Each structure stands twice: as C-alpha cells, then as structure tokens.
**Student:** 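Can you read through this structure? Questions will come right after.
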Protein chains: 2
Amino acid sequence: MSTNRVLMPFKEHGHSHKKCLISAMTMAEKTCCTRGVKLTKLRRRVLELVWSSHEPVKAYDILDKLRDEHSGSAPPTVYRALDFLRAEGMVHKIESLNAYVGCGEPEHSHIGQFLICRDCGAVAEMDDADVRELLAEKAGSLGFHIDRELIEIKGLCAACSTEHR
Amino acid sequence: MSTNRVLMPFKEHGHSHKKCLISAMTMAEKTCCTRGVKLTKLRRRVLELVWSSHEPVKAYDILDKLRDEHSGSAPPTVYRALDFLRAEGMVHKIESLNAYVGCGEPEHSHIGQFLICRDCGAVAEMDDADVRELLAEKAGSLGFHIDRELIEIKGLCAACSTEHR
DNA sequence: CAATTAATGTTATATTATAACATAACATAT
DNA sequence: ATATGTTATGTTATAATATAACATTAATTG
Ligand SMILES: [Zn+2]
Ligand SMILES: [Zn+2]
Ligand SMILES: [Zn+2]
Ligand SMILES: [Zn+2]
C-alpha cells in the first residue's frame, strides 16, 4: 500500500525531542509567513507548549504554564491561541481526550487519522488515502456524502509492545 | 462489498418514529433479561429519552426532562444511567458532540462507525469489517496494535441531499 | 497621525462530568 | 421473617472544559 502517508510517526521513547520541537516551530514560522498570518509571541508560546511532548496536551495545563509566565492569562487566552493554531492546521484536537496535539505537516491542510498509545500516551498521525476512499465508498453506499472524518484509534504503539515483552 | 453491516440506517425524515422507539425498548428489555442485568425504571426512562429521535442527545437535556418528572434528579442520575447503558452497548457516546445515541444492535457488543448529518443531525451507525481490517493493516504497518477505534464522520445524508435539490 | 482592524486582557458564565457520602431498594441466607 | 450484604438511587458539592461579552492595547493602513 503506497498511500499510507505518515504525517507524524511514533518516535523512539528515548529520542531527543528538542529536534521535534525546533522542527515544528521552524515549520510553523515558515508556514505563517507564507500565508501572511501572524504567529504572535503568545501563539508561538502555546504552540511550543503543545509540542512539549508527543502526547496530547490539555488546554488548562497550557493555561497553568502561561499563568506562570504571565499572570494576565485566562481561559480565552489559550482557547483563542488554540483556535488560531487549529485553523492554520498546526494543532489538532483529539476529541476523545479533550486534548490537543501538534501537527506534523501543517503546510498543507488535511484531516488526520490518529493513533493513540494507551501506554505511553503518544500520538501518531496518518493521512491515508485508502482509508478515506474506503470510507467514502461505504458511506456513499448509504447515500451519505462525507464532509469530514474523525478517526481516533486507541491501542499500543510498537515501542510499548516491545517494552512489554 | 458484502461487509457493510448497517446497525442503524438513516430513516426517512417523515417516518413514524414510534416504531423505532418501541423496537429499541423491546430489544433492550430482552437483552438485559438475557444478560441478567437490570433495566430499572430510571435506566429505561433514560434510554427512552436517548431514543426520542435519531439525533444525539445531550446529557443535560435528558436531565432537564428527568427533572420535570422527578425533582430529585441530578447530574449523577443521568450519567450513571448513561454509563450503564453504554456498558451494555445500548447507547454510544458521540465524542465530537458530547452527546449520546441509541444503538441499533445492542445484543452483540461492537464498535460503531458513525455517520452524522450536518443538516438534520441524524446519526447512522455502521459496523464495517473492511474498514476495520484496512485500519488494522495500516496501523499494523506502523507497528501499532489497535484496541478500539473511534470513527465519527460528518456530512450530508441522502434525505437531506435530496431536499437540497 | 488618525482611523481602522487585529490581538489580547478581563470578568463572568455556560457546559460537561465526577467525587463523596447518605439513603433506599432489592436479594439471599439464615 | 429478619438480618445482612449488595446494588441502585438521592444529594451536595465541585472539577474540568469551553464560550460570551465587553474593555484595552498593539499593529496596520490610508
Ligand atoms: Zn519528539
Ligand atoms: Zn506507546
Ligand atoms: Zn425513528
Ligand atoms: Zn440529514
């Protein structure tokens, strides 16, 4: 199968995450610049906090950290930044967790298919055309026209499977 | 494709919903009886309220109705009943809406694939083996082992497509 | 620089869900 | 039948998630 585009793979548990963070921030700066939208200081900081790991991050955890840095932070502060970042495809919401993850490829917008490890909490993101086509076909057979799909899969990642042995 | 099991199809907009309700309640009584679990008066009433339409129902809307009937109702009243009904597979939660729908085939447990009409709000439920297999294969190619899938698809149902013309 | 727009600050509140403990209903075994 | 344990429900309080509404500040543009 050639269509299994992996927008963000599972990383080794011991990897140097700093590189992920730098890469994501660099990509975000570039993408915003290209689009002529503003990655303000606040939005940048929220994106950094979302990218603090490969695990989904809670809005109020972000808020707690923002408050440490600036007392004037409140729920709208973080939700507005998240709204902007989501609109620009830099962050996705994991609906089943009420939490947010950074996107591996914000430069072209897409709908992600998320794999969520029950053990380490890490999230990988796929964008698989076969899956989309099959779902479109199946839904189509019921006369349903798809606008948007939400796919969130829970299970065990390769690294955690190995560690369990 | 022969695997497209439809657990709950989209119904005609003008259909007599009473039959859906009676059928669902009958099935629930029978299933609970078979399993030796108790469909108490409260749980039955909550299930009826969930089945008041084919649209997902909010917990606090259920609570409002319960309160009309019995002043001692509180959030735990409805969430406990929903927990029971979900555990028995009679109700599913639509995570992207924080709302609950009745299941078309509670007698055997399953994971549903939900189609949600953006126009009329109705929900259909599929349980398609092809989709499950494809996702297992794609996830497997990343070394990921699936426990549970969450699939919620937004779009336009056949009836609403027709009405738009 | 004035006018406008975009972003952030601020206060309040809405929505969704759970914790913790008390009481009532039901089952079962003496 | 009654004591005992178990399940279900009642009750109060609070946690967790998210948005509304309006004020202020910063950035853009004519
Ligand atoms: Zn990393
Ligand atoms: Zn893992
Ligand atoms: Zn119906
Ligand atoms: Zn419809």
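Values reported hereafter were calculated over all heavy atoms of this structure, with side chains retained and with hydrogens, waters and symmetry mates removed. Computed from a prediction, not measured in an experiment: that's the story for all the values here. Quick note on labels: first sequence line is chain A, next is B, and so on, each numbered from 1.
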**Student:** Do the ring planes of Trp51(B) and His54(B) sit parallel (below 30°), tilted (30 to 60°) or perpendicular (above 60°)?
**Tutor:** perpendicular

**Student:** Assuming nearest nucleotide by heavy-atom distance, tell me which of Gly72(B) and Val37(B) is located more 5' along DNA chain D.
**Tutor:** Val37(B)

**Student:** Within this structure, what is the CD-to-P distance between Glu69(A) and dG9(C), rounded to whole angstrom?
**Tutor:** 12 Å

**Student:** Taking OP1 and OP2 of dG9(C), is either one under 4.0 Å from a side-chain nitrogen or oxygen of His70(A)?
**Tutor:** yes

**Student:** In whole angstrom, give the distance that lies between atom CZ of Arg44(A) and atom C1' of dA7(C).
**Tutor:** 14 Å

**Student:** His15(B) and His13(B): aromatic ring centres closer than 6.0 Å?
**Tutor:** no

**Student:** Checking Glu88(A) now: which residues fulfil salt bridge (Lys or Arg N to Asp or Glu O under 4.0 Å) with it, not counting sequence neighbours?
**Tutor:** Arg35(A)

**Student:** Shortest non-hydrogen contact from Gly104(A) to Met27(A)?
**Tutor:** O-CE, 3.5 Å

**Student:** Quick one: closest heavy-atom pair of Val57(B) and Ser52(B), and the distance?
**Tutor:** CG2-OG, 4.2 Å

**Student:** Quick one: Ile62(A) CD1 to dT17(D) C1', roughly how many Å, whole number?
**Tutor:** 13 Å

**Student:** Would you mind reading off the bend of the helix from dC1(C)-dG30(D) to dT30(C)-dA1(D) from its two end axes, five pairs each, to 10 degrees?
**Tutor:** 20°

**Student:** Is it true that His92(B) and Phe114(B) have ring centroids separated by less than 6.0 Å?
**Tutor:** yes

**Student:** If you look at every heavy atom in Val123(B) and Met8(B), which pair is closest and at what distance?
**Tutor:** O-CG, 4.4 Å

**Student:** Would you kindly give the CZ-to-C1' distance between Phe84(B) and dT7(D), to the nearest whole Å?
**Tutor:** 11 Å

**Student:** Under 3.5 Å between N/O atoms: give me all the protein pairs with nucleotides 15-20 of chain C, atom names plus distance.
**Tutor:**
residue, atom, partner, partner atom, Å
dT16(C), OP1, Lys58(B), NZ, 2.4
dA17(C), OP1, Lys93(B), NZ, 2.5
dA17(C), OP2, Tyr79(B), OH, 2.9
dA17(C), OP2, Tyr100(B), OH, 3.2
dA17(C), O5', Tyr79(B), OH, 3.4
dA17(C), N7, Tyr60(B), OH, 2.5
dA17(C), N6, Tyr60(B), OH, 3.3
dA20(C), N6, Arg80(B), NH2, 3.2

**Student:** Whole Å only: how far is the CZ atom of Arg43(B) from the C1' atom of dC26(C)?
**Tutor:** 12 Å

**Student:** Using a strict threshold of under 4.0 Å (side-chain N to carboxylate O), is an ion pair present between Asp128(B) and Arg5(B)?
**Tutor:** no

**Student:** Once you round it to whole Å, what is the distance between C1' of dT25(D) and CG of Leu42(A)?
**Tutor:** 14 Å

**Student:** Mind calculating the distance between CZ (Arg45(A)) and C1' (dG9(C)) to the nearest angstrom?
**Tutor:** 19 Å

**Student:** Ignoring backbone atoms, test whether Ser73(B) places a side-chain nitrogen or oxygen under 4.0 Å from the OP1 or OP2 oxygen of dG10(D).
**Tutor:** no

**Student:** Grab the CG-P distance between Leu82(A) and dT19(D) for me, whole Å please.
**Tutor:** 10 Å

**Student:** Using every non-hydrogen atom in the two residues, find where Gly89(B) and Cys103(B) come nearest and quote the distance to one decimal.
**Tutor:** O-CB, 3.3 Å

